[in-house]
Structure formats: C-alpha cells, structure tokens
Protein chains: 2
Amino acid sequence: MKKYLKILRKCALFHQIEDEDLIIMLNCLGAKIDVFDKKYTVMSEGKPAKYIGIVLSGSVQITQTDYYGNRSILSNIEAAEVFAEAFACAETHSIPITVIANEPCEIMFIDCSHILRTCSNHCTFHQQLIFNLMKDLADKTILFHQKLEILSKRSTREKLLTYLMFQAKKFGSDSFDIPFDRQELADYLEVDRSGLSVEIGKLRQEGMLESNRKHFELLWTVK
Amino acid sequence: MKKYLKILRKCALFHQIEDEDLIIMLNCLGAKIDVFDKKYTVMSEGKPAKYIGIVLSGSVQITQTDYYGNRSILSNIEAAEVFAEAFACAETHSIPITVIANEPCEIMFIDCSHILRTCSNHCTFHQQLIFNLMKDLADKTILFHQKLEILSKRSTREKLLTYLMFQAKKFGSDSFDIPFDRQELADYLEVDRSGLSVEIGKLRQEGMLESNRKHFELLWTVK
DNA sequence: ATCCTTTTGTTGAAATTTCAACAGACTTTT
DNA sequence: AAAAGTCTGTTGAAATTTCAACAAAAGGAT
C-alpha cells in the first residue's frame with residue numbers, strides 16, 4: 001500500500017490526513033486494488049453501486065450506451081481522481097454507467113458503506129474523510145454543471161467553443177491537449193463526428209484556433 | 001422559527017436532528033428568512049456563492065441565460081428542497097445561475113462557511129449536518145446525471161420521452177403533472193418550443209400518451 | 001359576459017445536424 | 001520497411017431543428 005502514498009496524497013478524498021493515518025484508515029476501510037489493461041471494463045452498468053473508485057495510475061472514461069448503441073462519454077477521470085462516488089453515496093441500487101480503462105490502470109476500490117457507517121474502531125480521521133467526500137461531491141456537481149452548460153448549447157460550434165473555453169480555464173492556458181480523439185470528443189459533446197470535424201476546420205480557417213489532433217490553441221482572446 | 005419546523009423536518013439537510021437541536025443549530029448558523037413575490041429574483045448570477053438556499057414555501061426555478069438571451073432552465077426546486085449548495089460548498093467565488101420565484105416564496109439562507117468551519121460552540125449536530133449535506137450533494141449529482149442523460153439524446157422526441165420517463169419514475173405513476181408550461185419545458189429540454197409542441201402532438205396521435213397542458217399520462221408500458 | 005393576456009398548436013422556409021461513404025494521413029504491428 | 005489498422009477531414013443527400021409568424025384556446029380581470 002505504501003507505494004501508492006505519493007498518488008493518494010494528491011487525492012482530494014484524503015486531504016488533511018497524515019500518511020500513517022491514511023494507511024491505517026485504508027486497512028480499516030478494506031480498500032482493494034485491481035489492475036486493468038487498456039480498453040478493459042473497470043465497472044459496468046447495472047452492477048450494484050457499492051464501491052467508490054480511485055484512479056492510482058492511468059486514466060478511465062465514464063461512458064453510457066443507450067439501446068441503439070450510441071455511446072456517450074460523461075467524463076474522463078485522471079490519476080488521483082475519484083469516480084462512482086455519487087452513486088455509492090446516494091445508495092443507488094445499481095450504477096447507470098460503464099467505466100473503461102483508457103490505458104493500463106491501477107484502481108483502488110473502497111466499499112462506500114464502510115465510509116457512510118462510522119467503523120467500530122472510531123477512526124478519528126473518519127470525520128475528515130466524510131468532510132472531504134462532501135467537498136469532492138460539491139466539486140463533481142460543479143463539473144456536471146459545466147457539462148450541462150456545454151450540452152445546453154444548441155449548435156455543434158457553440159458546444160465545442162464552450163468546451164474549449166472550460167479546458168483553457170482548467171489549464172490556465174490557451175494552449176492545451178484534450179484527453180479525447182475526434183470520435184471521443186464528438187461522443188462527449190453529443191454531436192456528429194463529421195460535423196465536428198467540419199466545425200473545427202471552419203474555426204481554423206477563421207483564425208479562431210490552431211489544432212493538431214488532440215492539441216488545441218485558442219487564438220481568440222477570452223477577456 | 002418554530003412555525004417552519006414542519007417543513008424543515010422534511011428537508012434532507014436536517015435528517016436525524018431533533019426539533020430542539022434544530023432550532024439551536026439554526027440560530028448558531030445564523031439562518032435568515034426572506035420572502036419573495038412571484039417572478040422575483042432570489043439569487044442572481046455573478047453574486048458571491050456564500051449562501052445555501054432552502055425553500056420553505058412555494059417553489060423556485062434555477063435558470064441560466066447566455067449572452068444571446070437564451071434562457072435555459074436547470075431545475076425546479078420545490079418546498080423543503082435545497083439549492084445553490086454545490087457552489088457554496090465548493091467555495092466557488094461567484095454563482096453561475098439565477099434563481100427565480102415561481103410563486104410567492106419563503107426562503108431560508110444559511111451562510112455555508114458556518115457549516116464548513118465547525119462553530120466555536122461545537123454543536124454535536126454539526127457532524128450530522130455535514131453528513132446530510134454530503135448525502136444531499138450525492139442526490140443532486142444523481143439528478144444532474146439524469147439531466148445529462150436527457151440532454152445527451154439527439155432528438156427532441158427522445159429528450160422528451162426520457163424526461164417523461166424520469167418523471168413517471170419519480171412520481172411512481174404514469175399519470176402526473178410537470179412543473180413547466182410548454183416554453184419552460186422547451187427551455188428545460190433545450191429544444192425549440194414549436195418543435196416540442198409538434199412532437200407532443202405526434203406522440204398523442206400515435207397513442208403513446210395523453211396530455212393536457214401540464215398534465216401527462218403515459219400509455220406505453222415502461223417494463 | 002367581455003376584453004385582454006398568456007399559452008399552445010400549426011405551418012413553411014431556412015439553417016443545421018446526421019448519416020454514409022471514402023480518401024488521405026498517421027500509427028502500430030509484423 | 002511494408003502492411004494493416006486507426007483516425008481525421010470531406011462531401012452530398014436526407015432528416016431534423018430552428019425560426020418567425022399567426023390563429024385558436026384557455027385563463028384572468030373588470
């Protein structure tokens with residue numbers, strides 16, 4: 001477990017918890033670690049919403065597929081980030097999402113019921129953990145709110161520009177890489193891939209941006 | 001404050017907190033109550049994200065308006081429900097939403113910093129409050145997730161059907177009233193009002209549903 | 001009961017998105 | 001280094017959505 005301390009310290013869930021305490025707590029919570037190869041399913045739709053997932057290395061995609069087979073990508077989760085926490089905390093019976101490894105991954109799973117019901121040992125860090133979980137959920141809500149703002153735009157162009165603006169804000173720079181290829185970006189923005197390519201081409205022609213595959217550079221000033 | 005106990009007891013934020021304790025806590029937290037007439041602004045975009053709002057009577061709409069003046073409706077908040085908690089808990093500097101009263105309303109405001117930083121009196125109920133807040137945020141995330149599922153549908157028809165399905169599930173019945181008129185429903189589903197009316201007409205003709213203004217009855221079996 | 005206002009449904013034209021299919025560029029594998 | 005596979009950009013046609021404008025229906029006020 002110790003080899004993961006470096007990344008776990010960066011995880012918002014464990015803010016303000018000392019290394020030694022963290023090790024004790026993870027034992028107490030019965031944390032388990034699994035590894036997954038690229039494209040493997042980390043969690044699948046319909047399964048019980050029991051576990052919170054924490055990405056220790058690699059990254060995963062949160063996806064949803066409807067009965068016509070249309071994939072939609074909800075979000076991309078990087079190392080040190082948490083996923084599926086809302087379903088586990090809300091004690092939903094089953095999760096409505098599928099989680100796929102983007103690359104070889106190590107994932108930590110924690111049974112959420114161990115977090116929600118204070119353990120018999122009365123870890124003193126438990127209250128801090130719940131507080132951190134609350135902060136994490138608030139941040140997730142903000143992120144979902146951003147995604148709603150993107151999807152609420154009516155045109156492919158506006159969806160794309162809104163997304164790029166949020167990314168620029170996130171990275172604090174007008175030059176950044178996105179974690180999606182074209183098809184994935186289309187599935188994230190919920191638009192047609194070819195239409196998206198056309199729109200990117202137009203923006204390039206208009207001098208609004210430069211882009212090469214996953215790299216983007218915004219050339220219009222975000223005041 | 002006592003006259004609001006009946007509704008406050010129904011608020012998820014105060015689960016497992018006894019009446020007497022609740023009164024003490026609300027004082028401790030410096031809760032304030034304001035009243036608003038129909039269509040008045042309860043909170044406006046850009047203002048500091050300091051307060052959590054609780055609807056004591058009436059209902060409010062969470063809206064967002066872009067620079068072209070397109071209104072989008074994020075959600076409808078009924079009595080005993082909470083709003084703006086995510087922005088306050090995540091300590092965002094300003095809120096990106098505007099809250100409008102649907103009808104005459106009484107709203108309780110609590111400065112979130114009083115919740116996040118345990119007060120000097122060390123109320124014992126404080127930990128319970130934070131736990132409840134976490135649960136509430138998890139539930140909100142689920143709701144946002146549902147809205148994302150609606151907006152991720154590509155056609156007006158599918159957005160509408162997905163919304164109606166969630167409503168039927170929420171009310172546990174195929175017959176229910178929605179809290180929106182046509183224009184508001186269009187602003188919630190992020191589609192054109194006239195196109196929405198056409199789609200409702202088609203579904204009626206196909207025998208999929210019956211509807212009259214805000215009342216809907218689903219005639220296809222959700223297995 | 002009548003007038004005034006708001007809401008809903010309709011329609012046709014314009015704009016946009018989706019779909020399917022393909023070619024060229026780029027990667028990865030052998 | 002060649003072959004195979006994946007990703008991106010293009011294109012034209014079909015389907016859908018948006019927009020604007022108006023009429024009918026419903027609700028409120030006097």
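What you are looking at is a predicted structure, and each value in this text was computed from that prediction instead of being measured. Each chain gets a letter, A, B and so on, in the order the sequences are listed, and its residues count up from 1.
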Which class fits the ring pair Phe176(B) and Phe216(B): parallel under 30°, tilted 30 to 60°, perpendicular over 60°? parallel

With a 4.0 Å cut-off, would you call Glu85(B) and Lys140(B) a salt bridge? yes

Which residues, if any, of residues 192-205 of chain A bring a heavy atom under 4.0 Å of DNA chain D? Arg193(A), Ser194(A), Ser197(A), Val198(A), Arg204(A)

Output yes when Arg71(A) and Glu190(A) qualify as a salt bridge under the 4.0 Å nitrogen-oxygen rule, no when they do not. no

Given atom CG of Asp187(A) and atom P of dT18(C), what is their separation to the nearest angstrom? 11 Å

Rounded interatomic separation in angstrom, taking CD from Gln183(B) and P from dT8(C): 9 Å

Tell me the interatomic distance from Glu190(B), atom CD, to dC19(D), atom C1', rounded to whole angstroms. 17 Å

Closer to the 5' end of DNA chain C via nearest nucleotide, is it Lys214(B) or Arg154(A)? Lys214(B)

One thing to verify: whether Asp111(B) and Lys50(B) come together as a salt bridge, which I'm taking to mean a side-chain N less than 4.0 angstrom from a carboxylate O. yes

Between CD of Glu158(A) and P of dT18(D) the distance, given in whole Å, is 12 Å

Would you give a per-nucleotide map of nucleotides 25-30 of chain C, 5' to 3', where B means the base has a protein non-hydrogen atom under 4.0 Å away, S means only the sugar-phosphate does, and - means neither? -S----

Nearest whole angstrom, please: distance from the C1' of dT18(D) to the CZ of Arg157(A). 17 Å

Does the pair Ser59(B) and Cys105(B) meet the rule for a side chain to side chain contact (heavy atoms under 4.5 Å, CB included), with working shown? CA-CA 7 Å; Ser59(B) 66; Cys105(B) 283; 5.6 Å; no

Rounding to a whole Å, what distance do you find between Asp181(B):CG and dA26(D):C1'? 13 Å

Validation row, ring centre Phe87(A) to ring centre His145(B) under 6.0 Å: yes

Are the side chains of Ile62(B) and Ile73(B) in contact, using a 4.5 Å heavy-atom criterion? no

Between Lys159(B) and Glu199(B), is the closest basic N to carboxylate O distance under 4.0 Å? no

Length of the line joining Leu160(A):CG and dT16(C):C1', which is rounded to integer Å: 15 Å

CG on Leu137(A) to CG on Asp136(B), rounded to 0.5 Å: 10.0 Å

How many whole angstroms separate atom CD of Glu210(B) from atom C1' of dT8(C)? 18 Å

